There are 2 protein chains.
Amino acid sequence: MKASKATMTDVARRAGVSAATVARVLYNNGYVKEETRIAVKSAVEATGYRPNMVARGLRTSRSYTLGLVVSESRLNAFHPAVAHFVQMEALRQGYTVLTLNNNADSDMEAAGVRRFLDHHVDAVIFCSARDPRNVRIIAQNGIPTVQVERHIAHVGAVVTVDAHDGMREAVDHLYGLGHRRFAFIGGDVDSSNMEGNLDDAIEAVRERLFRENLARHGIDVPAANMLRAVYYDDSKPVRQPGYHLMRRLLALPERPTAVIFGSDLLAASGLQAISEAGLSVPNDISIIGYDDSMAEILTPALTSIAQPIGELGRLAVTMALAAIENSENAEPAISTVTRLVIRESTATVPNEGSE
Amino acid sequence: MKASKATMTDVARRAGVSAATVARVLYNNGYVKEETRIAVKSAVEATGYRPNMVARGLRTSRSYTLGLVVSESRLNAFHPAVAHFVQMEALRQGYTVLTLNNNADSDMEAAGVRRFLDHHVDAVIFCSARDPRNVRIIAQNGIPTVQVERHIAHVGAVVTVDAHDGMREAVDHLYGLGHRRFAFIGGDVDSSNMEGNLDDAIEAVRERLFRENLARHGIDVPAANMLRAVYYDDSKPVRQPGYHLMRRLLALPERPTAVIFGSDLLAASGLQAISEAGLSVPNDISIIGYDDSMAEILTPALTSIAQPIGELGRLAVTMALAAIENSENAEPAISTVTRLVIRESTATVPNEGSE
DNA sequence: CTGAAAGCGCTAACAC
DNA sequence: GTGTTAGCGCTTTCAG
């Protein structure tokens, strides 16, 4: 019951033409008499012919596959979400995606990237490369790269997210609710794996925007309230990256009443520390996540600064395909925006005397 | 700066031998004089030669790629976790993985599977196919399939999970804590997409084991306490699949004191309903998740019946490769086990009079 | 408008 | 031990 492994020659024979003609009608190249076109089409139907992408790839040196590297896609739901949209869009555009989760391990990533090269992927999308060298290896082989959200290597195309709007909305939202004591738990900037200016790292930018927006309201945040969580420890993802830092905040003499986190995962683990301390969100403390990756299934459902996940995935594919078409063209950058999604983890500041 | 696109012939020329000899030393086939072996090796080094898997694939009709279909890998962390281990193991074994998230959409899945076929994947792993026909299409093309955890089509290899141990441990754990009023919120059995006996569906099995283990303690669970959640609504994932069902349980005249859920995702959304009702876990009610996919980052950290996620992923690859090697051999099945991971969502039953 | 022929990079059977 | 040859399925000149 093996379905046809019908080859192009099979189709050609059946239609009484040559393989070249079959190719012509399949890809609308050159002129074909209407009559033979019909004959070929029906032969294709009859045989259930499907092009062999491997043979095609060898001949055209286009594999119609994209490589996708995601990082830490187990606890952090952001990356699998982006991956999903990349896969959907690629499918729609006639591509297939080779996916690899680097799990925060540079060596793993290097091995995977090498493998992508062996399979002659047409482009590689990184939704957070772990090591800039791995991006460069691809680029050096003349293959387009697209870095999504976080770009740690200064090569190829990038799809960035402008954090301004979301952070402004978040700060204004909290300020409007009466909060005056703020804290921020962001991600650590991994200087060893970042090319160029560390201040351009997205984690650093988010911190800065947080401060700037509060400064607008005349609020200065003490250094003790600005913390950075390590997501990876010795190439292993940290399971509850926000837990200990949140405990530290809770132990502060002037406990903050509002905390913005650098990811929903960070907020989720912060929530554990808050609950453990016998405090409640949002009654005692308001918190805001980032990403909007798992905000809606936490308790309470998190107010979160949403990244445009679907757009990121789709744009990454679009840019990859554009780079494949005319690789000599400039390496473009495109930016998307964030917005605040308000749910149940933010409320009016608790009464001062109640402590 | 393009790194070498050195071909095998380039290496051969440089080493002063023929391509055939290069192949021989690369794959340890046949005898090669030590002297020439060294010459070839150094030529490989010098050129940075990497085999072209596309050409190799065409010649050998082995693409060294695996297809992987996962379902709903956005909110439910179970699938991306399995995917991660599949990718790791495949990488280790010299394979690369084409991944597709069907997102509960049969048509999407069909399109993706078709694409896998076009790319001549050597085998396809389904960590929950959406539609059995899509598994059959692969099988009909003579390509091995492996269904992981849930198997909805009666073809090919399967990696199942034996739910016995975990469910027994879970029930005993709760019973030991004094609980006598139980409830279960499992997943709905989608009869339209299931070949064969519906009672064999993993959701049905879990329900049955739940009842049987309680019967062992002389406890009979009323029908009103056995609920089934729909994960997909009109081919779209439901965002809070356990929320409404949990509300229903809370409205029961004899409210259960312990609930076992069919997944961590279900438990997470159940938690939202509990909290909304002003009740607390585990003081007022104990809950247990299933999968152990996101249990540890919820508040409270969930006691959960853990699926052996890493093992599932690795076994799936192992079985796929075995099937590729000798495809005429019988289609095997292998089973793994579950175990209870105790965290903070379970505690002694609350005092009866306290309601 | 259509067919013949070459060749992408590799492997496997067969010579020597 | 090693080279020669043919061909996987497709695309693309080049003839006609």
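So you know, we letter chains A, B, ... as the sequences are listed, proteins then strands, and number each from 1. Fair warning: this is a prediction, and the values are worked out from it, not measured in the lab. These values consider heavy atoms only, across backbone and side chains, with no hydrogens, waters or symmetry-generated copies.
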Under 6.0 Å from the OH atom of B:Y31, do we count more than 12 heavy atoms belonging to anything else shown?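 Count not over threshold, so no.
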
Would the number of heavy atoms belonging to other residues, nucleotides or ligands and lying under 6.0 Å from CZ of A:R37 be above 12?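 Atom CZ in A:R37 is crowded, with more than 12 foreign heavy atoms closer than 6.0 Å.
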
Quick check: does any side chain N or O of A:T21 sit under 3.5 Å from a backbone N or O of A:V17, one acting as donor and the other as acceptor?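 No.
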
Tell me the interatomic distance from A:E35, atom CD, to C:dT2, atom C1', rounded to whole angstroms.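 So the CD-C1' distance, A:E35 to C:dT2, works out to 13 Å.
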
Starting at NE2 of A:H119 and ending at C1' of C:dC8, how long is that distance when rounded to a whole Å?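 Answer to the nearest Å: 18 Å.
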
Carboxylate-amine/guanidinium proximity below 4.0 Å for B:E89 and B:R92: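 Between B:R92 and B:E89 there is a salt bridge, with a charged N closer than 4.0 Å to a carboxylate O.
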
Scan residues 109-123 of chain A for pairs that pass salt bridge (Lys or Arg N to Asp or Glu O under 4.0 Å), counting only residues two or more places apart or in two chains.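 Listed by first then second residue: A:R62-A:D122, A:D118-B:R50.
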
Base, backbone or nothing for each nucleotide of nucleotides 9-16 of chain D, written B, S, -, heavy atoms under 4.0 angstrom, 5' to 3'? BBBB----

Minimum heavy-atom distance between B:F126 and B:N134, given as atom pair plus value: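 What the structure gives for the nearest pair is CZ-O, 3.9 Å.
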
Kindly say if B:T21 contacts the phosphate of D:dG3, meaning a side-chain N or O under 4.0 Å from OP1 or OP2.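 Yes.
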
Distance test, side-chain N/O of A:T36 to OP1/OP2 of C:dC1, below 4.0 Å: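 No, because none of the side-chain N or O atoms of A:T36 sits under 4.0 Å from OP1 or OP2 of C:dC1.
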
